[in-house]
Number of protein chains: 2
Amino acid sequence: MSTTTDNLTLNPTKTQSVTVADVSKRAGLSTATVSRVLNNSPLVRDKTRERVLKAMQELGYTANHSARALARRRTDTLGVIFPGIDAGFFSEVLIGANQLAAEHDLHLAVAFARNRPEEAQMVSEYLYGGRVDALILMHLRLDDRFIREAANGPTPLVLIDRPVEDARAVTVRMNNTSGAEQAMSHLLEQGFKRIAVIQGPEGTFDAEERWLGCRNAAAKFGVELDPGLIWRGTFHDRSGRELVSAWLDAGKSLPDAIFALNDPMAIGVLQALNERGLSVPKDVALVGFDDIESARYLGLSTVRSPMRELGRSACQAVIELLGGKGKVPDERILDTELVVRQSTRALV
Amino acid sequence: MSTTTDNLTLNPTKTQSVTVADVSKRAGLSTATVSRVLNNSPLVRDKTRERVLKAMQELGYTANHSARALARRRTDTLGVIFPGIDAGFFSEVLIGANQLAAEHDLHLAVAFARNRPEEAQMVSEYLYGGRVDALILMHLRLDDRFIREAANGPTPLVLIDRPVEDARAVTVRMNNTSGAEQAMSHLLEQGFKRIAVIQGPEGTFDAEERWLGCRNAAAKFGVELDPGLIWRGTFHDRSGRELVSAWLDAGKSLPDAIFALNDPMAIGVLQALNERGLSVPKDVALVGFDDIESARYLGLSTVRSPMRELGRSACQAVIELLGGKGKVPDERILDTELVVRQSTRALV
DNA sequence: ATGAAAGCGCTAACAT
DNA sequence: ATGTTAGCGCTTTCAT
């Protein structure tokens, strides 16, 4: 066994084991040359490069990230900050962002904020602390004024969610409106007349956009939405369940179809129906929005939110910004996709 | 408008706007004092502290992360590396880790590796590059030799998954065996005799542990598992579906109950049954493992994997290691929890 | 093509 | 309680 102590943390010489200086000594060259090799500079003879690489190999050298970042003034790291949201959502965005980031040798610093002040604080720290080269921000609850200010800092900012007027930031979002329109049109095309809509919480950007899409579709088909069938939900499964339960308990008859503006609420509806021995699409057709994993398992027709693409696209924007390749479009709107499953399939 | 260019990336003076030097000048003090304030040193007069804080405020100072990290030899950042796994899993672990990390002012650097070499490469970079103070690693497909070596580096390592013999690393994992035993016992207690088990892929640590739990339960109840009812699955929903479909297509009769060693396979079973107009628990009882979100929606009885706690616990271990509070237990095994839903509930 | 040396922004002895 | 100064490990002019 070695003579070092058992406690992993007790490291008397806390200084990094192998440095450029060590490598340069070993190779009989200067630190500048070593650095050049590290950075793939073309100004090193092949022979010299070999010597350096060999020395690195032998000493087990790995460059110190902080030192490089300090000297180069870049971290090769992207910040990604999420509000405290559904795992199902952020994880997909993260996967997407990471795909592209990895291809460009960028690392991801991820943070979740649980409340607004904490979120604002994190954003500031990331933007001004030189911790990251750019920040991808999902800013559900940060106000526009703050965002505008943040966007004026030294660090490029990419927003995922809603656009902020006059902010020097790129926005990546999805077309909620056309997505809802797709779903609604799908129902109308199938010949459903009495269609109920379970809205999202009032004042939420996505919810409002989706609701607009519903009205657009209705207008396009020249139908009138029954105000009694416009229900206010919360985006949680409970609300879908409770709305339908209450409706049925009141002895009212089911509509032909229900469009819940997100999947959890649609699943809530499904549960309420199941409890009463009712089924989909026999007793009522059902569409959700987002295409969360469970939607597939449950055969729920829905509109796929391009979450992974949102992450990719945000990362793509960052890369372009950092590359400084001239103008970067300041808004990218990704399309949704209608996914038809059993819950709206005409019966045989 | 300002006179600066529109391109966010063109910043001629790329050097950080406000530094400790600026603050110290503004406050009429030395950089050392400013640094002390930054680090909450008790050796500053309140009055002085005020002055420094005021100067920082006025100048809009934010400490540079890389510079601090370089000087202090710590990053206040934890690395978390996942193999390319299910979003449902890593997101929960991440949430758990983040909860604790945030409480201790630690940041998270997250990386996903898509193949083994990439993963090993990342691990090395994180461990030796001084990018993080400690690394939480889910090492599904890294071999033991590599892990042992990695654990001997300068950076504390916490493993999530399976233990590695003789590695100087803390392992956090869950009790797959007792979890499967719980599920199996539950079925046996309900009086089910012919019980089928859908195993996971051969040689996978979790799968093997869970299978052991099945046998333990059988032994405890003094029953013999029918070898014809031990099916080999892949941990994907398709395999559950196909196994049951094939079974039924072959004209064989359903067992009393089916225990799929993870939820996706159980859901696959559910789909195969639904397609044939069979239902749960009427025609067969069903239990899964993991308690993914869909399990709740589908009323699937299952064993809850403590994923979030896994993240928390790993982070807890890291914090203890970094704190250097003496011995840190080198293994933490978290308990699972049986969740009984409709799929095994006796019918009325 | 390679080397010497001056930083990058902050911290931590060591002085006072 | 505050200041001076020498690093932390790497990059980058500027020489040669």
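So that the names make sense, note that chain A is the first sequence line, chain B the second, and so on, each numbered from 1. Everything numeric in this text was worked out from a predicted model, so none of it was measured.
The backbone N or O of Asp76(A) sits less than 3.5 Å from a side-chain atom of Asp133(A), completing a donor-acceptor pair. Without hydrogens or angle criteria, Asp86(B) side chain to Phe89(B) main chain gives no donor-acceptor distance under 3.5 Å.
What separates CG of Leu70(B) from C1' of dC8(D) is a distance of 4 Å, to the nearest Å. One interatomic measurement links the two molecules: NZ of Lys47(B) to P of dT2(D), which rounds to 11 Å at whole-angstrom precision. Between the C1' atom of dC8(C) and the NE2 atom of His65(A) lies a distance of 14 Å, rounded to the nearest Å. Taking atom CG on Asp76(B) and atom C1' on dT11(C), their separation rounds to 13 Å, with Å as the unit. Computed from coordinates, the Asn40(A) CG to dT11(D) P distance equals 11 Å when rounded to whole Å. Between the CZ atom of Arg74(B) and the P atom of dG9(D) there is a distance of 16 Å, rounded to whole Å. One interatomic measurement links the two molecules: NZ of Lys25(B) to C1' of dG9(C), which rounds to 13 Å at whole-angstrom precision. The nearest whole Å value for the distance from the CG atom in Asn39(B) to the C1' atom in dT2(D) is 15 Å.
At dC8(D), none of the side-chain N or O atoms of Asn64(A) fall inside 4.0 Å of OP1 or OP2 (strictly under the cut-off). The phosphate of dC10(D) (OP1 or OP2) has no side-chain N or O of Arg72(A) nearer than 4.0 angstrom. Using a 4.0 Å cut-off, no side-chain N or O of Ser35(B) falls inside it from OP1 or OP2 of dC10(C). The side chain of Tyr61(B) contributes an N or O atom lying less than 4.0 Å from OP1 or OP2 of dC10(C). Within the structure, every side-chain polar atom (N or O) of Arg73(B) is placed at least 4.0 Å from both OP1 and OP2 of dT11(C).
Comment: Lys54(A) does not engage Glu50(A) in a salt bridge, judged by the lack of any side-chain N to carboxylate O separation of less than 4.0 angstrom. Taking the charged nitrogens against the carboxylate oxygens, Arg148(B) and Glu165(B) have no contact shorter than 4.0 Å, which rules out a salt bridge. Using a 4.0 Å cut-off between a side-chain N of Lys or Arg and a carboxylate O of Asp or Glu, Arg68(A) and Glu125(B) do not qualify as a salt bridge.
Taking every side-chain heavy atom of Thr19(A) into account, dC10(D) is the closest of dC10(D), dT2(D), dC8(D). In this structure, the nucleotide among dT12(D), dT11(D), dA13(C) sitting nearest to the side chain of Arg36(B) is dA13(C). The side chain of Ala71(A) lies closest to dC10(D) when the candidates are dT2(C), dT2(D), dC10(D). Nearest to the side-chain atoms of Arg45(B) among the listed nucleotides dC10(C), dG9(D), dT2(D) stands dT2(D).
Taking the nucleotide of DNA chain C with the nearest heavy atom to each of Thr31(A) and Val44(A), the more 5' of the two is matched to Val44(A). If you find the closest nucleotide of DNA chain C to Ser66(B) and to Ser30(A), the one lying nearer the 5' end belongs to Ser30(A).
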